[in-house]
Trainee: 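Quick one: the structure is below, and I'll ask about it shortly.
Computation of the quantities below employed the complete heavy-atom set of this structure, encompassing side-chain atoms and omitting hydrogens, waters and symmetry-equivalent molecules.
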Amino acid sequence: ASMAGSVWKITVKQGDTVEVGQDIVILESMKMEIPIGAEEAGIIKEIKVSEGDFVNEGDVIAIIE
């Protein structure tokens, strides 16, 4: 995660193919919705968070291979 916040919505699922910059989750922080994009292209191997979870800056959200 590039910032701390609550996971408001997960926009991908395991097995999805993603491109660099494609939104994978939307965080809510200070009543704002912040999309978090994939840092690399590939296939979502595992999603490490659930909707409602709180993440800190630097936390792993998903594993892409």
Side-chain angles (χ1 to χ4, degrees):
S2 58
M3 65 179 305
S6 296
V7 178
W8 180 69
K9 184 175 185 180
I10 299 172
T11 59
V12 295
K13 61 184 181 306
Q14 188 172 332
D16 284 357
T17 300
V18 294
E19 299 297 325
V20 173
Q22 180 178 338
D23 294 349
I24 55 175
V25 300
I26 299 174
L27 296 182
E28 180 183 24
S29 180
M30 299 183 295
K31 298 185 182 180
M32 294 175 32
E33 295 172 8
I34 299 101
I36 304 296
E39 294 181 357
E40 60 185 52
I43 297 172
I44 301 288
K45 181 179 178 185
E46 182 180 356
I47 298 173
K48 306 286 262 175
V49 298
S50 299
E51 290 180 0
D53 287 355
F54 184 84
V55 295
N56 289 301
E57 185 174 347
D59 285 356
V60 174
I61 292 174
I63 297 180
I64 302 171
E65 60 177 26

Trainee: Can Val7 be reached from Met32 by stepping across I, L, V, M, F, W or Y side chains whose heavy atoms are under 4.5 Å apart?
Mentor: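 The answer is yes; both residues are in one hydrophobic cluster.
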Trainee: How close do Met3 and Ser29 get, counting heavy atoms only, and between which atoms?
Mentor: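 Closest approach of Met3 to Ser29, heavy atoms only: CE-OG, 3.8 Å.
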Trainee: Cluster question for you: counting only ILVMFWY and a side-chain heavy-atom cut-off of under 4.5 Å, with indirect links fine, are Ile34 and Val49 together?
Mentor: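 Yes, one cluster joins them.
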Trainee: Return yes if some donor-acceptor pair links the side-chain N/O of Gln14 with the main-chain N/O of Lys45 below 3.5 Å, else return no.
Mentor: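 Between the backbone of Lys45 and the side chain of Gln14 there is a qualifying donor-acceptor contact (under 3.5 Å).
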Trainee: Looking only at non-hydrogen atoms, find the nearest pair between Glu51 and Ile10 and report the distance.
Mentor: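 Scanning both residues, the minimum pair turns out to be OE2-N, 3.1 Å.
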Trainee: Find the distance between CG (Asp16) and OG1 (Thr11) and round it off to the nearest 0.5 Å.
Mentor: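 Those atoms lie 8.5 Å apart.
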Trainee: Applying the side-chain contact (heavy atoms from CB on, under 4.5 Å) test to Val12, which of Val25, Thr17, Ile24 qualifies?
Mentor: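 It is Ile24, the one option of Val25, Thr17, Ile24 that forms the side-chain contact (heavy atoms from CB on, under 4.5 Å) with Val12.
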Trainee: Give me the atom names and distance for the closest heavy-atom approach of Ile64 to Ala38.
Mentor: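 Residues Ile64 and Ala38, closest heavy atoms: CD1-CB, 3.8 Å.
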Trainee: So which atom in Gly15 and which in Ile43 form the shortest heavy-atom distance, rounded to 0.1 Å?
Mentor: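 Shortest heavy-atom contact: O-CG2, 3.6 Å.
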Trainee: Taking the side chain as every heavy atom from C-beta outward, state whether Ile36 and Ile26 have any atom pair closer than 4.5 Å.
Mentor: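 In short, these two side chains do not touch, never coming nearer than 4.5 Å.
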Trainee: Sequence neighbours excluded, which residues qualify as salt bridge (Lys or Arg N to Asp or Glu O under 4.0 Å) partners of Lys48?
Mentor: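 If we apply the salt bridge (Lys or Arg N to Asp or Glu O under 4.0 Å) test to Lys48, skipping adjacent residues, the hits are Glu46.
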Trainee: More than 12 non-hydrogen atoms from neighbouring residues, nucleotides or ligands closer than 6.0 Å to CD on Glu39, yes or no?
Mentor: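 At most 12 heavy atoms, drawn from other residues, nucleotides or ligands, come within 6.0 Å of this atom.
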